[in-house]
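Read through the structure below, which is laid out as structure tokens, and then see the notes.
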2 protein chains.
Amino acid sequence: MNTNTSPLTQKLSAFVALAEAELAVLEQLHQRRRTFEAGRDLVHQGQSEQAAYILAAGWVVSYKLQPDGSRQIVDFQIPGDFLGLRSVLLHTSDHGIEPIVDIEAAEVLVSDLLQAFAETPRLATAILWAVSRDEAMVVEHLVGLGRRDADARMAHFLLELGVRLSLVGMGSKKGYACPLTQYHLADALGLSAIHVNRVLRKLREDELVTFRDGFVTFNNYEGLVKLADFDPAYLDQKRPILA
Amino acid sequence: MNTNTSPLTQKLSAFVALAEAELAVLEQLHQRRRTFEAGRDLVHQGQSEQAAYILAAGWVVSYKLQPDGSRQIVDFQIPGDFLGLRSVLLHTSDHGIEPIVDIEAAEVLVSDLLQAFAETPRLATAILWAVSRDEAMVVEHLVGLGRRDADARMAHFLLELGVRLSLVGMGSKKGYACPLTQYHLADALGLSAIHVNRVLRKLREDELVTFRDGFVTFNNYEGLVKLADFDPAYLDQKRPILA
DNA sequence: CGAGTCTTTGAAAACACTCAAGGTAGGTGG
DNA sequence: CCACCTACCTTGAGTGTTTTCAAAGACTCG
């Protein structure tokens with residue numbers, strides 16, 4: 001029926017064999033399509049929130065503003081990821097959500113989601129897995145900020161993004177298209193934009209990875225993995241989830 | 001019936017008015033009491049896990065080991081907190097869990113939890129809130145590592161812990177008992193133990209807070225809040241959660 | 001072509017780290 | 001009861017990574 005699968009479906013299908021009925025429910029969640037403009041916040045920090053979204057196309061950044069004006073990026077969302085799910089559940093938003101490019105997203109009401117769960121428990125399992133994976137990524141990010149130097153941090157970040165994009169058909173071990181600026185990288189990795197530039201230059205000169213003109217190109221994947229101590233286990237879990 | 005309320009009950013009661021029946025179900029979850037020895041891991045990194053726990057007494061640390069031998073502490077758990085809930089849901093553990101002192105914890109089977117939810121939906125809401133709060137704390141921790149200097153990081157950490165402990169009756173704006181060593185602080189805050197020592201000395205000399213002999217004493221609470229830019233909104237949410 | 005955004009580089013300064021060493025307190029065994 | 005051990009805390013000196021400040025080059029878009 002649906003030959004044109006959504007990124008979320010692609011991602012979940014990689015880990016849970018979903019039946020036809022489940023796929024149908026999943027696609028139904030993508031009904032209310034909306035588009036949002038780059039740079040205009042979906043959710044402001046402190047605002048109490050109404051709806052969650054499934055990102056269909058484009059890149060989004062979740063960030064937290066500091067009183068001193070600096071910002072820390074908590075995570076980036078790519079197609080197939082949820083937006084603002086926690087904000088909805090908590091009825092409050094402790095962080096901002098901003099599209100990096102023009103995006104397309106499906107609005108999901110909590111009621112729809114709960115109903116989908118009731119109809120197809122396996123789908124609930126799959127989504128629970130996705131949410132838990134998001135949490136694992138935040139933890140990994142935290143470890144990077146606390147215990148990796150700037151080079152390893154950058155390498156790890158670019159590798160993780162590569163794996164995530166591969167799961168939705170937007171990347172490979174060769175590289176991927178990437179609309180992020182060096183300022184984005186700086187705010188995500190807890191570095192200054194200037195230092196990001198130096199680190200990127202070093203990685204490029206060492207022929208490990210090239211970040212340029214909106215493209216990330218892996219020149220030496222294995223070398224980069226070694227530099228970053230990158231273990232993708234938390235991303236592309238092989239064993240079955242729950243029952 | 002229950003005059004002797006558990007820390008978890010105390011914590012949840014602060015934010016959701018729970019009926020007698022709900023309180024009873026909550027206390028029932030505390031049946032299978034177990035004790036664990038300080039320093040002996042409950043869960044090893046990489047191990048796939050069986051049970052979750054509700055911590056009743058003592059302190060626990062969740063950490064992630066790096067290939068280079070260093071470790072990053074993701075969070076500390078105090079009475080009333082869940083242990084290993086995500087590990088159970090994901091059927092895998094990406095981090096270790098170690099008691100800092102001898103602890104007492106109630107084993108909770110996933111089936112029990114799900115049944116409790118079915119019986120008392122409001123309880124599910126309350127626990128969902130607790131889990132989401134844990135996530136918010138990890139995010140706040142991440143922001144600290146990325147965008148706060150060592151002094152502010154330490155100040156923020158000690159303040160957050162104070163608020164958390166207050167919710168279970170183990171602390172106040174005066175201070176609290178704290179079994180952590182400077183090595184724990186170092187691994188949590190992404191600093192070297194030596195630097196932690198210097199930072200603590202500075203905070204003590206500035207008469208802001210004193211960390212000594214297992215006690216944290218706030219000498220100037222407001223000053224510390226200002227230094228850390230501490231906003232406890234994410235911890236002691238006032239508005240009602242969900243319906 | 002002018003404005004804005006993003007990238008690149010240099011120089012100096014600040015922050016946090018490593019190495020090295022000593023001090024304290026509590027526990028253990030002779 | 002003392003010597004020793006271990007774990008934790010404290011301090012100094014020197015080093016190195018990352019930052020800030022300053023400035024300029026490249027690109028895109030209207």
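Below, chains carry the letters A, B, ... as their sequence lines are ordered, and counting in each starts from 1. Computed over heavy atoms, backbone and side chain alike; hydrogens, waters and symmetry mates excluded.
B:T35 and B:D102 share no donor-acceptor pair across their side chains, judged by distance under 3.5 Å alone.
The ring pair (Phe, Tyr, Trp, His ring centres under 6.0 Å) contacts involving residues 57-86 of chain B comprise B:F76-B:F157, where partners must be two or more places apart or lie in separate chains.
Here B:N197 does not reach the OP1 or OP2 of D:dC9: none of its side-chain N or O atoms lies under 4.0 Å away. Distances shown here put a side-chain N or O of A:Q182 below 4.0 Å from the OP1 or OP2 atom of C:dT8.
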Show me, pair by pair, the donor-acceptor contacts under 3.5 angstrom made by side chains of residues 176-196 of chain B, not counting sequence neighbours?
unit_1	atom_1	unit_2	atom_2	d
B:Y176	OH	B:L158	O	2.7
B:T181	OG1	B:Y183	N	3.2
B:T181	OG1	B:H184	N	3.2
B:T181	OG1	B:H184	ND1	3.3
B:Q182	OE1	B:N197	ND2	3.0
B:H184	ND1	B:T181	N	3.0
B:D187	OD1	A:R147	NH2	2.9
B:D187	OD2	B:R71	NE	2.8
B:S192	OG	B:H195	N	3.2

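To the nearest 0.5 Å, the span separating CH2 on B:W129 from CG on B:L12 amounts to 6.5 Å. Atom CG in A:L83 sits 9.0 Å away from atom CD1 in A:I54 (nearest 0.5 Å).
Comparing atom distances between the B:R212 side chain and each of C:dT7, D:dT10, C:dT9 picks out D:dT10 as nearest.
Axis angle across the helix from C:dC1-D:dG30 to C:dG30-D:dC1, with five pairs used at each end and values rounded to 10°: 40°.
A salt bridge does not link A:D68 to B:R148: none of the charged side-chain nitrogens sits closer than 4.0 Å to a carboxylate oxygen. The pair B:R33-B:E107 does not meet the salt-bridge criterion, since no charged nitrogen lies less than 4.0 angstrom from a carboxylate oxygen. By the 4.0 Å N-to-carboxylate-O rule, B:R164 lies close enough to B:D75 to be salt-bridged with it. Salt bridge B:E205/B:R198: absent, no basic N to carboxylate O contact under 4.0 Å.
Proximity of residues 58-71 of chain A to DNA chain D (heavy atom under 4.0 angstrom from any strand atom) is not detected for any residue.
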Legend entry - Sugar-phosphate or base contact per nucleotide [nucleotides 13-27 of chain D; S, B, -; heavy atom under 4.0 Å]: B----SBBBB-----
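For A:H141, the side-chain contact (heavy atoms from CB on, under 4.5 Å) criterion is met by A:Q72, A:L145, B:L142, not counting sequence neighbours.
At distances below 3.5 Å, not a single donor-acceptor pair connects side-chain atoms of B:T9 with backbone N or O atoms of B:T5.
What separates CG of B:L180 from C1' of D:dC8 is a distance of 13 Å, to the nearest Å. Regarding A:L145, its CG atom lies at a distance of 16 Å from the C1' atom of C:dA16, rounded to whole Å. What separates CG of B:L200 from P of D:dT10 is a distance of 8 Å, to the nearest Å.
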